[in-house]
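Everything on this sheet refers to the single structure shown next.
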Amino acid sequence: MGNSTKIDWEEFRKKARNAAVTAAAETNRELAGEMSSITHLTKKEIQEIFPEKSEMEDFSELMEIVKSSTSRNNKVNKIAANSEKFSKVMLSLLGKIF
């Protein structure tokens, strides 16, 4: 029978986790760069305010609602319908200001 190569599964898991963390960090930097191009915030400020990708995505969704061409009343209704998710965004933003 042929030679069998033994795989160090623990080392493999470590490398996979590190690769995932690196990829996530790069994605977060790219997303922050895109967001900074349409706000008055810098890429660095966005990353500091929203360290988690999900927070950046929520901020992006909130910006989309605010910048949409729908009526103010519709915007308020959409924000209210997602108030729990957007409350985290607002706390992070206001925390940066104050």
Side-chain angles (χ1 to χ4, degrees):
M1 303 242 161
N3 288 342
S4 175
T5 303
K6 185 172 176 166
I7 298 172
D8 182 345
W9 289 106
E10 184 60 31
E11 185 64 24
F12 174 79
R13 281 190 288 278
K14 285 179 186 176
K15 287 180 180 180
R17 275 192 299 264
N18 288 340
V21 167
T22 300
E26 180 61 28
T27 299
N28 289 350
R29 282 191 295 275
E30 288 176 16
L31 181 56
E34 290 297 319
M35 292 172 69
S36 71
S37 71
I38 59 173
T39 68
H40 295 290
L41 298 169
T42 67
K43 183 177 176 178
K44 183 179 178 186
E45 288 172 324
I46 290 172
Q47 288 178 300
E48 288 172 356
I49 297 169
F50 307 110
E52 300 295 323
K53 182 182 174 201
S54 63
E55 294 172 332
M56 279 193 260
E57 290 169 344
D58 293 344
F59 178 51
S60 177
E61 185 179 343
L62 179 59
M63 285 191 319
E64 184 178 346
I65 292 170
V66 170
K67 294 294 187 180
S68 71
S69 62
T70 62
S71 72
R72 181 177 177 88
N73 195 40
N74 283 344
K75 291 176 187 182
V76 169
N77 288 337
K78 284 182 180 180
I79 292 169
N82 293 286
S83 62
E84 187 174 329
K85 175 172 40 174
F86 294 146
S87 64
K88 295 174 187 175
V89 171
M90 289 182 253
L91 284 173
S92 294
L93 281 170
L94 292 172
K96 177 70 175 173
I97 295 170
F98 297 108

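Treat the numbers as computed from the prediction; the structure is a model and nothing was measured.
How far CZ of Phe50 is from CG of Leu93: 4.0 Å, rounded to the nearest 0.5 Å.
Contact detail for Lys78 and Ile65: the closest heavy-atom pair is CB-CD1, 4.0 Å. Ile49 and Glu55 get closest at one heavy-atom pair: O-OE1, 4.4 Å.
Under the 3.5 Å distance criterion, the side-chain polar atoms of Glu45 are matched with a main-chain donor or acceptor of Thr42.
The local environment of CZ in Arg72 is sparse, with at most 12 non-hydrogen atoms from other residues, nucleotides or ligands closer than 6.0 Å. Applying the 6.0 Å contact sphere to CD of Glu48 captures more than 12 heavy atoms from other residues, nucleotides or ligands.
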May I have the list of side-chain donor-acceptor pairs in residues 85-92 shorter than 3.5 Å, sequence neighbours left out?
from: Lys85; atom 1: NZ; to: Glu61; atom 2: OE1; distance (Å): 2.8
from: Lys85; atom 1: NZ; to: Glu61; atom 2: OE2; distance (Å): 3.4
from: Ser87; atom 1: OG; to: Ser83; atom 2: O; distance (Å): 3.3
from: Ser87; atom 1: OG; to: Glu84; atom 2: O; distance (Å): 2.7
from: Ser92; atom 1: OG; to: Lys88; atom 2: O; distance (Å): 3.1

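Annotation: side chain of Asn77 is in contact with side chain of Asn73 (closest heavy-atom distance under 4.5 Å).
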